[in-house]
Amino acid sequence: MLLLISPDGAEEALDCAQAAEHLDIVDVKKPDEGSLGANFPWVIREIRAAVPAHKPVSATVGDVPYKPGTVAQAALGAAVSGATYIKVGLYGCTTPGQAVDVMRGVVRAVKEYRSDALVVASGYADAHRVGCVNPLALPDIAHRSGCDAAMLDTAIKDGTRLFDHVPPDICAQFVQHAHEAGLLAALAGSVKAGDLGELARIETDIVGVRGAVCEGGDRNSGRIRPELVAAFRAEMDRHVQAHAAAATAG
């Protein structure tokens with residue numbers, strides 16, 4: 001599994017840089033603008049400059065409306081600013097068709113600029129609370145639109161978690177469907193260390209966290225701490241190794 005950490009600015013990105021050996025992707029978002037809130041282009045550039053060059057940077061485009069042209073331009077802006085993973089939160093899409101429209105525009109805009117960039121179609125485990133597209137439709141949406149990955153997060157950050165809305169066995173179906181379509185599967189949403197056993201069992205490709213590696217577990221007022229990143233990664237690796245050993249023994 002790859003570990004994705006989301007600093008909220010260049011200062012926290014420097015903390016991530018101190019823990020660079022323990023993480024795989026540095027994610028740029030603006031938490032006060034939503035679950036997948038977009039940060040400014042200059043912040044993406046600052047974070048890109050702050051972390052080691054060999055560590056990829058991802059950037060969220062926002063909890064976007066059903067406006068394919070607007071979203072395509074925003075996604076291109078993230079790529080131009082230095083992001084190699086472009087994440088789009090399909091907040092305003094109520095049907096798979098709308099979601100495919102948005103993501104096709106994003107894929108074309110991003111890939112014409114940088115063919116090796118990875119486009120991530122992101123949905124919400126708690127979609128029923130905000131009226132957006134069914135989360136289990138995401139792998140098919142991502143596949144139909146030419147994306148590289150499908151992701152689930154939570155839209156409303158009120159202490160409820162990914163598994164509160166989509167139980168592990170259903171998340172396993174999400175991961176399986178993504179893999180069958182040739183996609184990476186990413187899971188996030190108030191993920192804690194205690195969730196890592198299940199995430200390893202269902203063979204998640206990317207785990208996204210923020211609060212779990214912040215002081216006091218607070219994604220809003222807590223700051224990312226390098227030692228918490230290191231501890232989380234150690235626990236993640238332990239579960240991955242245990243799952244691999246069990247699979248070999250079986």
Side-chain angles (χ1 to χ4, degrees), residues 1-40 43-63 78 81-89 117-118 120 122 125 148-149 151-154 157 161-163 184-200 204-240:
M1 289 195 296
L2 301 178
L3 178 58
L4 178 149
I5 303 289
S6 301
D8 66 359
E11 280 192 27
E12 277 196 339
L14 292 173
D15 293 329
C16 289
Q18 292 180 39
E21 65 182 296
H22 305 294
L23 58 87
D24 300 291
I25 304 165
V26 178
D27 183 52
V28 187
K29 62 172 58 173
K30 198 168 184 289
D32 62 358
E33 291 195 13
S35 171
L36 293 169
N39 217 318
F40 299 104
V43 173
I44 298 174
R45 292 196 297 269
E46 288 170 358
I47 290 178
R48 174 66 279 174
V51 301
H54 66 283
K55 293 292 180 181
V57 166
S58 73
T60 54
V61 174
D63 296 315
S81 300
T84 49
Y85 286 74
I86 313 299
K87 293 162 53 185
V88 180
L118 299 176
V120 184
S122 299
D148 302 283
M151 180 176 188
L152 285 186
D153 203 329
T154 50
K157 301 298 185 181
R161 296 153 63 189
L162 171 70
F163 289 155
L184 295 171
L187 295 173
S190 299
V191 169
K192 308 297 182 187
D195 301 321
L196 289 170
E198 291 286 5
L199 292 168
T204 311
D205 297 300
I206 302 170
V207 175
V209 300
R210 175 170 171 79
V213 296
C214 287
E215 296 167 322
D218 190 329
R219 74 186 299 271
N220 294 314
S221 62
R223 179 165 174 157
I224 291 174
R225 301 303 306 164
E227 64 273 17
L228 296 178
V229 175
F232 192 90
R233 181 51 180 261
E235 185 70 0
M236 187 175 87
D237 288 347
R238 183 177 72 81
H239 283 289
V240 170

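Put simply, the side chain of Val88 does not reach to within 4.5 Å of the side chain of Val120, judged on heavy atoms. Between Leu3 and Val209 the shortest side-chain heavy-atom distance falls below 4.5 Å. Side-chain contact check for Ser35 versus Asp153: some heavy-atom pair is nearer than 4.5 Å. The side-chain heavy atoms of Ile224 and Cys16, taken from C-beta on, include a pair separated by under 4.5 Å. Looking at Phe232 and Val229, their side chains never come closer than 4.5 Å, going by heavy atoms from C-beta outward.
When all heavy atoms are compared, the tightest approach of Ala83 to Ile44 is N-CG2, 4.1 Å. The two residues Asp63 and Leu36 make their nearest non-hydrogen contact at OD1-N, 3.2 Å. The heavy-atom pair separating Val43 from Gly9 by the smallest distance is CG1-CA, 4.3 Å. The minimum heavy-atom distance linking Pro7 with Ala13 is given by the pair CB-N, 3.7 Å. Closest of all the heavy-atom pairs between Val61 and Ala38 is O-CB, 3.3 Å. Taking both residues in full, the closest heavy atoms of Ser6 and Lys29 are given as OG-CE, 3.7 Å, listed atom of the first, atom of the second, then distance.
A search for side-chain hydrogen bond (donor to acceptor under 3.5 Å, both in side chains) contacts involving Thr154 returns Lys157, not counting sequence neighbours. With sequence neighbours left out, Arg48 forms a side-chain contact (heavy atoms from CB on, under 4.5 Å) with Val51, Val57. Listed by chain and residue number, Arg161, Phe163, Val191, Lys192, Leu199 satisfy the side-chain contact (heavy atoms from CB on, under 4.5 Å) test with Asp195 (two or more places apart in sequence, or in another chain). Applying the side-chain contact (heavy atoms from CB on, under 4.5 Å) test to Leu118 and every residue at least two apart in sequence or in another chain returns Tyr85, Asp148. For His22, the side-chain hydrogen bond (donor to acceptor under 3.5 Å, both in side chains) criterion is met by no residue, not counting sequence neighbours. In terms of the side-chain contact (heavy atoms from CB on, under 4.5 Å) criterion, residue partners of Ala186 (sequence neighbours excluded) are, by chain and number, Met151, Ile206. With sequence neighbours left out, Glu198 forms a salt bridge (charged side-chain N to carboxylate O under 4.0 Å, His left out) with Arg201.
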Criterion side-chain contact (heavy atoms from CB on, under 4.5 Å) on Val213 and Ile5, from CA distance to verdict: CA-CA 8 Å; Val213 296; Ile5 303 289; 4.0 Å; yes
Output, in order, the C-alpha distance, side-chain angles, deciding distance and verdict of side-chain contact (heavy atoms from CB on, under 4.5 Å) for Leu4 and Ser58. CA-CA 9 Å; Leu4 178 149; Ser58 73; 3.8 Å; yes
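Between the side chain of Thr60 and the backbone N or O of Gly89 there is no donor-acceptor pair closer than 3.5 Å.
Residue pairs meeting the salt bridge (charged side-chain N to carboxylate O under 4.0 Å, His left out) criterion with at least one partner in residues 12-28, sequence neighbours excluded, are Glu12-Arg210, Asp15-Arg223, Asp24-Arg233, Asp27-Lys87.
Applying the 6.0 Å contact sphere to CD of Glu227 captures more than 12 heavy atoms from other residues, nucleotides or ligands.
Here the straight-line distance linking atom CG of Asn39 with atom CZ of Arg45 works out to 11.5 Å at 0.5 Å rounding.
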